S.K.: 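Have a look at the structure that comes next, please.
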Amino acid sequence: MADREEQYILRVEDKAVAARIKKQLNSENSKARLDVRFDALHNEGRTGQFSFGSEVLPVNLLNLPCVVESYKTYDDSHLVKMCDVGQMLHVHAEGSSHPEHFDSINGITPAMRNARQRHFNNVDIPFAAVTAVEDDLLQIVQGRAPQNTVIEDVEEEYKVDEHGNGSWQPVERKAAPKVLLNVKGEPGTKPKRKKAAKKPPPDMEEL
């Protein structure tokens, strides 16, 4: 059985140091060595030193706001998942101190900036609101609509105007014409009513 691949995320605050590390890692004849040593007796083993060549910088092991999936490709078409990464090595600038907490506020992409505060902050939600949402979810799971919900079916068709711009437009339905039924219940003209026979005048009645 092949050895399981291990991965980690390295973030370096100093851009100049980060550029030198990236250049050495991409070089085929690189002799530089990356070394990370943690102090197991302090801060739960999350603080230490990061060595690169002759430079020694403080490093911390931080928890990411969410798990990051890593993928590998051999043909730039098919992706194979390799690992789930939940922590990050954060190399601080020279002279900076270690943080008081070890939960990273930001993720690894610009969209995850300040993600921990935006997505995991404590929100005071009334208990009645939570109960109402649970009831609505149960109604949806059982195939029914939540209470006080009005469902309106709208039929649309895609139309293209004279300028070539297309959009979805509601379908206008014409009212169905009224059909008159005759006495037998068949479509036709308006049913005729039978007229009552007129009685003859009294002087013409037979005695």
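All values reported here derive from a predicted model rather than from experimental measurement. Count residues from 1 along the sequence.
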S.K.: Just jot down the side chain to side chain donor-acceptor pair (under 3.5 Å) partners of Lys22, sequence neighbours excluded, or say none.
M.R.: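 Lys22 satisfies side chain to side chain donor-acceptor pair (under 3.5 Å) with no other residue.
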
S.K.: Provide the closest heavy-atom pair for Pro146 versus Asp136 in the form atom of the first, atom of the second, distance.
M.R.: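 Nearest heavy atoms, Pro146 then Asp136: CB-OD1, 3.6 Å.
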
S.K.: Quick one: pull up OG1 in Thr131 and CD in Glu134 and give me the separation to the nearest 0.5 Å.
M.R.: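 Here the interatomic distance stands at 5.5 Å.
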
S.K.: Which heavy atom of Cys66 sits nearest a heavy atom of Met112, and at what distance?
M.R.: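 Looking at all heavy atoms of both residues, the shortest contact is SG-CE, 3.8 Å.
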
S.K.: For a quick test of reading the model, state the closest non-hydrogen atom pair linking Leu62 to His101 and the distance between them.
M.R.: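 Scanning both residues, the minimum pair turns out to be CD2-O, 4.4 Å.
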
S.K.: Can you tell me which residue pairs pass the side-chain hydrogen bond (donor to acceptor under 3.5 Å, both in side chains) test with a partner in residues 49-60, sequence neighbours excluded?
M.R.: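 Non-adjacent pairs meeting side-chain hydrogen bond (donor to acceptor under 3.5 Å, both in side chains): Arg20-Glu55, Asn60-His92, Asn60-His98.
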
S.K.: Work out which heavy atom in Gln7 is nearest to a heavy atom in Ser70; give both atom names and the distance.
M.R.: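 Closest approach of Gln7 to Ser70, heavy atoms only: OE1-OG, 2.5 Å.
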
S.K.: Locate the shortest heavy-atom distance separating Asn106 from Ser104; write the atom from each residue and the value.
M.R.: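 In this case the closest contact between Asn106 and Ser104 is O-OG, 2.7 Å.
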
S.K.: Run the side chain to side chain contact (heavy atoms under 4.5 Å, CB included) check on Lys159 and Asp161 step by step: do they pass?
M.R.: CA-CA 7 Å; Lys159 294 183 178 181; Asp161 57 14; over 6 Å; no

S.K.: Taking the side chain as every heavy atom from C-beta outward, state whether Leu61 and Phe38 have any pair of such atoms under 4.5 Å apart.
M.R.: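 They are in contact (side-chain heavy atoms under 4.5 Å apart), so the answer is yes.
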
S.K.: Would Ile9 and Ile108 count as a side chain to side chain contact (heavy atoms under 4.5 Å, CB included) here? Give the steps.
M.R.: CA-CA 9 Å; Ile9 297 175; Ile108 63 173; 4.1 Å; yes

S.K.: Test Thr73 against Asp75 for side chain to side chain contact (heavy atoms under 4.5 Å, CB included), laying out the working first.
M.R.: CA-CA 6 Å; Thr73 179; Asp75 55 4; 3.4 Å; yes

S.K.: Please determine whether residues Met88 and Ile21 belong to a single hydrophobic cluster, defined as Ile, Leu, Val, Met, Phe, Trp and Tyr linked transitively by side-chain heavy-atom distances below 4.5 Å.
M.R.: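 No.
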
S.K.: Can you give me the closest heavy-atom contact between Arg113 and Arg118, atom names plus distance?
M.R.: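 Heavy-atom minimum between the residues: O-NH2, 2.9 Å.
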
S.K.: Examine Met82 and Val68 and state if one hydrophobic cluster contains both, with Ile, Leu, Val, Met, Phe, Trp and Tyr joined whenever side-chain heavy atoms are less than 4.5 Å apart.
M.R.: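 Different clusters: Met82 never reaches Val68 through Ile, Leu, Val, Met, Phe, Trp or Tyr contacts under 4.5 Å.
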
S.K.: Quick one: list whatever passes salt bridge (Lys or Arg N to Asp or Glu O under 4.0 Å) with Glu155, sequence neighbours left out.
M.R.: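 Checked Glu155 against salt bridge (Lys or Arg N to Asp or Glu O under 4.0 Å); matches are Arg173.
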
S.K.: Just do the side chain to side chain contact (heavy atoms under 4.5 Å, CB included) check on Leu10 and Phe50 with the steps written out, would you?
M.R.: CA-CA 11 Å; Leu10 178 65; Phe50 173 82; 4.3 Å; yes

S.K.: Please indicate whether Gln147 has more than 12 foreign heavy atoms, meaning atoms of other residues, nucleotides or ligands, lying under 6.0 Å from its CD.
M.R.: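 Not more than 12 within 6.0 Å, no.
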
S.K.: Determine yes or no for a side-chain-to-main-chain donor-acceptor pair under 3.5 angstrom, with Arg116 supplying the side chain and Leu64 the backbone.
M.R.: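 Yes, Arg116 side chain to Leu64 backbone: donor-acceptor pair under 3.5 Å.
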
S.K.: Take atom CD in Glu172; do more than 12 heavy atoms of anything else shown fall under 6.0 Å from it?
M.R.: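 Result for CD/Glu172: open.
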
S.K.: Report whether Leu34 and Val56 are members of the same hydrophobic cluster (ILVMFWY, side-chain heavy atoms less than 4.5 Å apart, transitive linking).
M.R.: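 No; Val56 is not reachable from Leu34 via cluster members.
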
S.K.: Can you hop from Val85 to Phe102 via hydrophobic side chains spaced under 4.5 Å?
M.R.: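 Linked, Val85 and Phe102 end up in one cluster.
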
